[in-house]
Novice: 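Before I ask anything, here is the structure I am working with.
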Amino acid sequence: MKKIVVSTGAGISAESGLSTFRDSGGLWDKYPVMDVASLDGFMRNPALVHEFYNQRRREALKCQPNAGHLGLKELEQWFDVRVITQNVDNLHEKAGSTHVLHLHGELMKIRSMKREDRVYTLTPDNLETSVDTRDEYGDPVRPHIVFFQEAVPNFEKAVEWVREADIFVVIGTSLNVYPAASLLMYVRPGTPIYYIDPNPAKIPMGAENVTIIKKKAGEGVPELVELLRSQL
Ligand code: APR
């Protein structure tokens with residue numbers, strides 16, 4: 001089976017009702033990013049950061065996958081599909097995608113501040129954390145999110161996936177944040193790249209064979225599914 005590797009950003013979840021970050025009215029218009037999504041910010045005011053992620057969990061709970069997420073699941077009938085996402089929501093998992101790799105963490109997970117290997121999954125009836133939350137060992141916890149100024153532990157694995165791709169797809173990301181934005185530079189020469197975004201960012205220098213589908217994910221992904229199926 002041919003391998004399709006997909007790199008998604010906040011844009012694929014926009015039609016499910018989740019705010020993007022840098023579109024007008026996005027999250028970074030409402031919150032100073034370095035206060036709520038950086039390690040400095042968390043150390044300075046952990047209560048604010050806990051509440052920011054509590055609020056995003058409450059919003060995410062109400063959301064369902066859209067035709068963009070579902071189209072990637074549909075592709076699994078004919079391709080080996082690997083999804084690398086910058087998103088912390090679990091809409092790819094809800095859509096049924098089999099291989100999902102989160103680069104920036106997972107909203108519904110928290111972890112011990114003493115042992116980063118102790119990761120806990122929150123449930124819909126137990127979504128909120130605070131500076132007083134303790135895990136089973138009595139240790140304080142933090143969102144299982146990669147803050148700005150922190151390493152991206154899954155990046156090496158993501159690069160391995162991209163290197164094996166026969167087709168690479170980028171959906172709904174402004175290609176602003178590294179190292180995620182650099183993934184398309186790791187495709188093997190000659191690998192076709194498709195970029196689905198209604199307001200596509202400038203393609204980084206050196207990227208070749210890029211086809212831009214200037215559409216929202218909900219329309220662009222089903223269109224790409226049909227195109228790839230017709231080429232089988
Ligand atoms: N369908 C597809 N793409 C869309 C849609 C849509 N319906 N609506 C908006 N977009 C596109 C925008 O045009 C933009 O290119 O989604 C992209 C959103 O860009 P950002 O808001 O910058 O989100 P993202 O690229 O995922 O941000 C990367 O930044 O703040 C950090 O950790 C955070 O993972 C996030 C990272």
Side-chain angles (χ1 to χ4, degrees), residues 6-42 48-49 52-53 55-57 59-60 63-72 83-93 95 100-109 142-155 158 168-185 193-204 207 210-225:
V6 188
S7 172
T8 66
I12 198 170
S13 297
E15 289 155 274
S16 295
L18 285 176
S19 305
T20 62
F21 295 95
R22 297 172 183 82
D23 288 316
S24 60
L27 277 176
W28 298 154
D29 284 353
K30 299 179 189 128
Y31 297 91
V33 52
M34 296 315 270
D35 287 358
V36 291
S38 77
L39 190 54
D40 278 343
F42 182 64
L48 174 69
V49 176
F52 175 66
Y53 286 97
Q55 188 193 325
R56 290 184 69 192
R57 288 188 198 108
E59 280 166 19
C63 298
Q64 292 306 318
N66 64 59
H69 302 100
L70 296 168
L72 297 182
V83 179
I84 301 163
T85 186
Q86 296 172 78
N87 299 340
V88 294
D89 64 60
N90 58 3
L91 292 174
H92 285 301
E93 289 87 346
V100 180
L101 185 64
H102 288 268
L103 289 182
H104 295 164
E106 296 181 63
L107 195 51
M108 294 306 284
K109 292 184 178 173
R142 56 163 280 177
H144 188 51
I145 296 287
V146 176
F147 291 138
F148 282 105
Q149 302 156 344
E150 292 189 311
V152 179
N154 286 336
F155 185 66
F168 187 62
V169 185
V170 180
I171 308 171
T173 175
S174 62
L175 297 170
N176 258 302
V177 172
Y178 285 80
S182 66
L183 280 174
L184 52 73
M185 306 312 284
I193 298 174
Y194 297 90
Y195 179 22
I196 302 172
D197 193 308
N199 179 21
K202 192 170 159 310
I203 300 294
V210 181
T211 304
I212 292 181
I213 301 175
K214 203 169 181 315
K215 296 247 175 88
K216 293 185 172 184
E219 207 183 324
V221 174
E223 199 175 287
L224 179 64
V225 171

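In each ligand, atom 1 is the first atom listed, and ligand 1 is the first ligand listed.
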Novice: Ligand 1 and Val177, any nitrogen or oxygen pair closer than 3.5 angstrom?
Specialist: no
Novice: Looking at every non-hydrogen atom in both residues, tell me the closest pair between Pro143 and Val49 and how far apart they are.
Specialist: CG-CG1, 4.4 Å
Novice: Any nitrogen or oxygen of Ala10, main chain or side chain, under 3.5 Å from a nitrogen or oxygen of ligand 1?
Specialist: yes
Novice: Got an N/O contact under 3.5 Å between Tyr195 and ligand 1?
Specialist: no
Novice: Please determine if His104 has a nitrogen or oxygen closer than 3.5 Å to a nitrogen or oxygen of ligand 1.
Specialist: yes
Novice: Check whether any side-chain heavy atom of Leu103 lies under 4.5 Å from a side-chain heavy atom of Pro179, and answer yes or no.
Specialist: no
Novice: If the cut-off is 4.0 Å to any non-hydrogen atom of Glu15, which atoms of ligand 1 fall inside it?
Specialist: 1 (N), 6 (C), 7 (N)
Novice: Show me which atoms of ligand 1 lie under 4.0 Å from any heavy atom of Gly9.
Specialist: 26 (O)
Novice: Closest approach of His102 and Asn154, non-hydrogen atoms and distance?
Specialist: O-ND2, 2.9 Å
Novice: Can you find an N or O of Phe148 that's nearer than 3.5 Å to an N or O of ligand 1?
Specialist: no
Novice: Indicate yes or no: at least one non-hydrogen side-chain atom of Ser19 is less than 4.5 angstrom from one of Arg56.
Specialist: no
Novice: Who's the nearest protein heavy-atom neighbour of atom 18 (C) of ligand 1, and how far?
Specialist: Gly172 O, 3.9 Å
Novice: Quick one: does Val177's side chain get under 4.5 Å of Phe21's, heavy atoms only?
Specialist: no
Novice: Tell me which one of Pro198, Ala37, Ser174 gets a heavy atom nearest to atom 20 (P) of ligand 1.
Specialist: Ser174
Novice: Hey, mind stepping through Val36 and Leu48 against side chain to side chain contact (heavy atoms under 4.5 Å, CB included) and telling me if it holds?
Specialist: CA-CA 7 Å; Val36 291; Leu48 174 69; 4.0 Å; yes
Novice: Looking at Thr20, which atoms of ligand 1 are within less than 4.0 Å of one of its heavy atoms?
Specialist: 21 (O)
Novice: Looking only at distance, does Ile12 have an N or O less than 3.5 Å from an N or O of ligand 1?
Specialist: no
Novice: Near Phe21, which atoms of ligand 1 are under 4.0 Å from a heavy atom of that residue?
Specialist: 21 (O), 23 (O), 27 (O), 30 (O), 33 (C), 35 (C)
Novice: Only heavy atoms of Asn199, strictly under 4.0 Å: list the atoms of ligand 1 that pass.
Specialist: 13 (O)
Novice: With heavy-atom distances below 4.0 Å as the criterion, list the atoms of ligand 1 near Ala14.
Specialist: 7 (N), 8 (N)
Novice: To the nearest 0.1 Å, how far is atom 25 (O) of ligand 1 from its closest protein heavy atom, and which atom is that?
Specialist: Thr173 OG1, 2.7 Å
Novice: Grab the two heavy atoms, one from Ala181 and one from Asn176, that are nearest each other, plus how far apart they are.
Specialist: CB-N, 4.4 Å
Novice: Check each atom of ligand 1 against the heavy atoms of Gln86 and keep those under 4.0 Å away; list them by number with element.
Specialist: 28 (C), 34 (O), 36 (C)
Novice: Using the six-membered ring wherever Trp is involved, compare the ring planes of Phe52 and Tyr31 and label them parallel, tilted or perpendicular (cut-offs 30° and 60°).
Specialist: perpendicular
Novice: How about His69 and Ile12: do any of their side-chain heavy atoms sit closer than 4.5 Å?
Specialist: yes
